[in-house]
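Below: the structure, in C-alpha cells.
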Amino acid sequence: MRSHLVFPILFALVTAVACQGGVGPLSEEDVAANRALTQQFVQHAQQNDWAALADLYTEDCVVMPANEPTIQGRAAYLAWGETFPPIVQFSANLEWIEGYGDMAVVRGIYSMTVQPEGADAMTDQGKYVEVRRRQADGSWKIAVDIFNSDLPLPGQ
C-alpha cells in the first residue's frame with residue numbers, strides 16, 4: 001500500500017468507528033438505568049419472584065454461583081432459582097459501574113437471609129460482578145453474573 005494512502009484510510013476507519021451508534025462512555029441515563037436494574041433485582045428477590053428475576057437476564061446469560069456449576073441461559077437460571085430456598089431478606093449495593101457503548105460492568109455487595117425448609121435461617125453476605133448489555137429497546141439486562149460469599153463454608 002502506498003504510504004500516502006495510510007493516513008486517509010486510517011482516518012476513515014477511526015471516523016467510521018466513532019460514528020457508530022451507542023459507542024462511547026456510559027451516559028448518566030445509562031448509569032441510572034443500571035442502578036435501577038439493581039433495585040429491580042432487589043425488589044424481585046425480596047418477593048421470591050424468580051420469573052421476574054429471570055427476565056432481568058439476557059436469553060443467553062451465564063450465571064456463575066459459588067460452589068455450583070455454571071448456569072447457561074435464562075430458562076436454566078429460572079429452573080435453578082425455583083429450587084433456591086425462600087429469601088426472607090435481600091439487599092444489594094452497586095458500588096462501581098463502568099461501561100462503553102452497549103456494555104457495562106458493575107461490581108457490588110449483597111446480603112441475604114434464606115429460610116430452607118425444616119432448617120434454621122441462614123444469612124450470607126458477599127460480592128458480585130456483572131456484565132450487562134443494552135438491549136435493542138434501550139433497556140439493560142444481565143449477561144454474565146458471578147457472585148460469591150465473604151463467609152467461610154460451614155465447618156471451616
Side-chain angles (χ1 to χ4, degrees), residues 9-117 121-151:
I9 291 172
L10 184 58
F11 179 77
L13 287 172
V14 170
T15 302
V17 169
C19 292
Q20 297 282 325
V23 175
L26 295 179
S27 68
E28 289 181 25
E29 292 82 16
D30 291 331
V31 171
N34 276 282
R35 289 193 180 283
L37 178 58
T38 298
Q39 290 311 307
Q40 289 174 334
F41 190 99
V42 169
Q43 177 184 1
H44 298 320
Q46 290 172 341
Q47 297 168 344
N48 290 280
D49 187 344
W50 288 98
L53 282 166
D55 194 45
L56 300 178
Y57 287 81
T58 61
E59 193 65 42
D60 62 345
C61 67
V62 175
V63 180
M64 296 176 277
N67 307 310
E68 295 187 52
T70 297
I71 300 163
Q72 296 190 327
R74 184 187 294 156
Y77 174 76
L78 177 58
W80 173 83
E82 289 176 339
T83 67
F84 203 78
I87 299 169
V88 296
Q89 176 279 326
F90 186 86
S91 66
N93 182 28
L94 191 158
E95 296 184 316
W96 176 84
I97 181 169
E98 187 74 38
Y100 194 78
D102 292 338
M103 299 290 283
V105 178
V106 301
R107 176 181 49 82
I109 57 173
Y110 71 87
S111 70
M112 72 174 154
T113 302
V114 296
Q115 181 64 63
E117 187 174 329
M122 299 179 349
T123 299
D124 186 26
Q125 63 189 39
K127 62 266 184 202
Y128 66 92
V129 173
E130 296 172 347
V131 176
R132 298 176 176 183
R133 285 195 314 239
R134 184 192 335 262
Q135 304 303 291
D137 67 359
S139 67
W140 288 86
K141 292 198 182 263
I142 304 164
V144 179
D145 187 1
I146 184 168
F147 53 94
N148 53 67
S149 178
D150 290 341
L151 305 178

Inset, instruction - Begin with the C-alpha distance, continue with both residues' side-chain angles, and end with the deciding distance and a verdict on side-chain contact (heavy atoms from CB on, under 4.5 Å) for V62 and T70. - result: CA-CA 7 Å; V62 175; T70 297; 3.5 Å; yes
Quick check: closest heavy atoms across [X] and [Y], and the distance to 0.1 Å?
{"X": "T123", "Y": "L151", "value": "O-CD1, 3.6 Å"}
{"X": "A121", "Y": "T113", "value": "CB-CG2, 3.9 Å"}
{"X": "A92", "Y": "Q39", "value": "O-NE2, 4.1 Å"}
{"X": "S149", "Y": "K127", "value": "O-NZ, 3.5 Å"}
{"X": "I87", "Y": "N48", "value": "N-OD1, 2.7 Å"}
{"X": "A76", "Y": "Q72", "value": "CB-O, 3.3 Å"}

Does the [X] side chain pair with the main chain of [Y], one donor and one acceptor, at a distance under 3.5 Å?
{"X": "E130", "Y": "I142", "answer": "no"}
{"X": "R74", "Y": "C61", "answer": "no"}
{"X": "D55", "Y": "A52", "answer": "no"}

Taking the side chain as C-beta and beyond, is there a heavy-atom pair between [X] and [Y] under 4.5 Å?
{"X": "Q135", "Y": "T58", "result": "yes"}
{"X": "M64", "Y": "F147", "result": "no"}
{"X": "V106", "Y": "V129", "result": "no"}
{"X": "I71", "Y": "P65", "result": "yes"}

Gap separating the [atom1] atom of [X] from the [atom2] atom of [Y], nearest 0.5 angstrom:
{"X": "W50", "Y": "E82", "atom1": "CH2", "atom2": "CD", "value": "9.5 Å"}
{"X": "M112", "Y": "M122", "atom1": "CE", "atom2": "CE", "value": "8.5 Å"}
{"X": "R132", "Y": "L56", "atom1": "CZ", "atom2": "CG", "value": "9.0 Å"}
{"X": "W140", "Y": "L37", "atom1": "CH2", "atom2": "CG", "value": "10.0 Å"}
{"X": "L26", "Y": "Y100", "atom1": "CG", "atom2": "OH", "value": "10.5 Å"}
{"X": "L53", "Y": "F90", "atom1": "CG", "atom2": "CZ", "value": "8.0 Å"}

Would you say [Y] and [X] are linked by a side-chain donor-acceptor pair, where the criterion is simply a distance under 3.5 Å?
{"X": "R133", "Y": "S139", "result": "no"}
{"X": "Y128", "Y": "D145", "result": "no"}
{"X": "Y110", "Y": "N93", "result": "no"}

Inset, instruction - Would you please classify the geometry between the Y57 ring and the F41 ring as parallel, tilted or perpendicular, with 30° and 60° separating the classes? - result: perpendicular
Legend entry - CA sep, side-chain torsions, deciding dist, call: I109, Q125, side-chain contact (heavy atoms from CB on, under 4.5 Å): CA-CA 7 Å; I109 57 173; Q125 63 189 39; over 6 Å; no
Legend entry - E68, CD atom: more than 12 neighbouring heavy atoms under 6.0 Å: yes
